[in-house]
Amino acid sequence: MVQIEELKQKVAALAEEGRARLKEVASPEDCEAARVAFLGRKGKITELVKFLPHLPPEERPEAGRLINSLKEQFQAELDRRLRELKAQEIEKKLQEEAVDVTLPGRPVALGGLHPSTQALREIYRIFLGMGFQVFESPEIETDEYNFQLLNIPPDHPARDMWSTFYLTEPGLLLRTHTSPGQIHVMRRFAPQPIRAILPGKCYRYEQVTARAEMMFHQVEGLAIGRNITMADLKGVLVEFAHQMFGEGRRFRFRASYFPFTEPSLEMDMDCIICGGRGCRVCKHTGWVEILGAGMVHPVVLRNGGYDPREFTGFAFGMGPERILMLKYNIDDIRLFFANDLRFLEQFSGGLR
Ligand code: FA5
């Protein structure tokens, strides 16, 4: 017969041994090994139950309690060590993988407005100041709007100047100028007076050169009213050009021809490069062209819904890329749409 005293000694010794073992564990794996050694199926604490049958029956319940409490004690200590080790492991990982947030970040390259957009906005600003409103009209037009309603019938020789891209759907094309917008605003507002500018992209099927692109912007202007004269046209355009190019510049109006204006004219400015003395840029004339304009042709007024006996008006069309070329001495229009950052970045701080 085994005495309970003997069991008590064994329990005390195992408790001591368990504590010593748990002091030494250095990783979750060590903990698992200690658990197997003490509480596993053949663990030292588990094996204590083998004593029970050898005890007198009345002592067995107490012996059972002793063994169970040793088990619980060991398990609790084991859990505490495991938590400690895991916390240490996380702390170590955090230290090793720490990010130094005081390092300066990598700079993000900021985009800027395209020079054409900046020129368009400057043009809007000037004309808004003179009471004009900005309207948009479609880039895909009909032959009727791009040509016929502007007094250019199918066989008119002026069509040669405005050769375009036709769509596969008959009668549709990419507009060659913003002038069809004149008809759109007139038909929308007739018979009220109009002061509108119509910006947008235009397309021409032509040889691309340093001065001509296949796609470019235009800004159309249109004023319709009861007593509008050529003097109003001159006043508005000279005011615009002074604000755009500076007060010191000189301008002249030269007779020209457009089927949709009568009379028609072109506006020239003294050459910025040579100051009017004559150079390669101005082809030695001292003048450079900045826009086309004229008094709205009676046929166009009628097509737009206005009675030409009662209403008159003026219209003009200019290319913002050409205006920037003049202002900044840019010698090739292809730079605008070539996506070369070395060119575009020069405008990122705005127009000066
Ligand atoms: C016209 O397109 C007329 N619709 C302008 C007009 C409007 C006249 C209203 C009278 C009344 P023109 O083809 O000259 O005209 O073009 C006008 C401007 O567009 C030119 O002065 C130029 O600045 C610009 N432009 C024309 N073709 C090109 C091109 N291929 N590349 C870049 N800019 C161009």
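Indexing begins at 1, ligand by ligand and atom by atom, following the structure's order. Along the sequence shown, the residues carry numbers beginning at 1.
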Check: Glu262 main-chain N/O paired with Tyr257 side-chain donor or acceptor under 3.5 Å: no

Non-neighbouring partners of Thr142 that pass side-chain contact (heavy atoms from CB on, under 4.5 Å), sequence neighbours left out: Glu144, Tyr145, Leu172

For ligand 1, list all ligand N or O to protein N or O distances below 3.5 Å, rounded to 0.1 Å.
{"from": "ligand 1", "atom 1": "2 (O)", "to": "Arg204", "atom 2": "NH2", "distance (Å)": "2.9"}
{"from": "ligand 1", "atom 1": "2 (O)", "to": "Gln218", "atom 2": "NE2", "distance (Å)": "3.0"}
{"from": "ligand 1", "atom 1": "4 (N)", "to": "His177", "atom 2": "ND1", "distance (Å)": "2.9"}
{"from": "ligand 1", "atom 1": "4 (N)", "to": "Ser179", "atom 2": "OG", "distance (Å)": "2.8"}
{"from": "ligand 1", "atom 1": "13 (O)", "to": "Trp162", "atom 2": "NE1", "distance (Å)": "3.2"}
{"from": "ligand 1", "atom 1": "13 (O)", "to": "Arg204", "atom 2": "NH1", "distance (Å)": "2.9"}
{"from": "ligand 1", "atom 1": "13 (O)", "to": "Arg204", "atom 2": "NH2", "distance (Å)": "3.1"}
{"from": "ligand 1", "atom 1": "16 (O)", "to": "Gln218", "atom 2": "NE2", "distance (Å)": "3.2"}
{"from": "ligand 1", "atom 1": "19 (O)", "to": "Gln218", "atom 2": "NE2", "distance (Å)": "3.0"}
{"from": "ligand 1", "atom 1": "21 (O)", "to": "Glu289", "atom 2": "OE2", "distance (Å)": "3.4"}
{"from": "ligand 1", "atom 1": "23 (O)", "to": "Gly319", "atom 2": "N", "distance (Å)": "3.2"}
{"from": "ligand 1", "atom 1": "27 (N)", "to": "Arg204", "atom 2": "NH1", "distance (Å)": "3.3"}
{"from": "ligand 1", "atom 1": "30 (N)", "to": "Glu206", "atom 2": "OE2", "distance (Å)": "2.4"}
{"from": "ligand 1", "atom 1": "30 (N)", "to": "Glu213", "atom 2": "N", "distance (Å)": "3.4"}
{"from": "ligand 1", "atom 1": "30 (N)", "to": "Glu213", "atom 2": "O", "distance (Å)": "2.9"}
{"from": "ligand 1", "atom 1": "31 (N)", "to": "Glu213", "atom 2": "N", "distance (Å)": "3.0"}

Salt bridge (charged side-chain N to carboxylate O under 4.0 Å, His left out) contacts touching residues 295-308 (sequence neighbours left out): Asp307-Arg309

Pair Ser27-Glu29, side-chain donor/acceptor within less than 3.5 Å: yes

Which residues share a ring pair (Phe, Tyr, Trp, His ring centres under 6.0 Å) with Trp162, sequence neighbours left out: His177, Phe260

Any donor-acceptor N or O pair under 3.5 Å, side chains Gln75, Asp79: yes

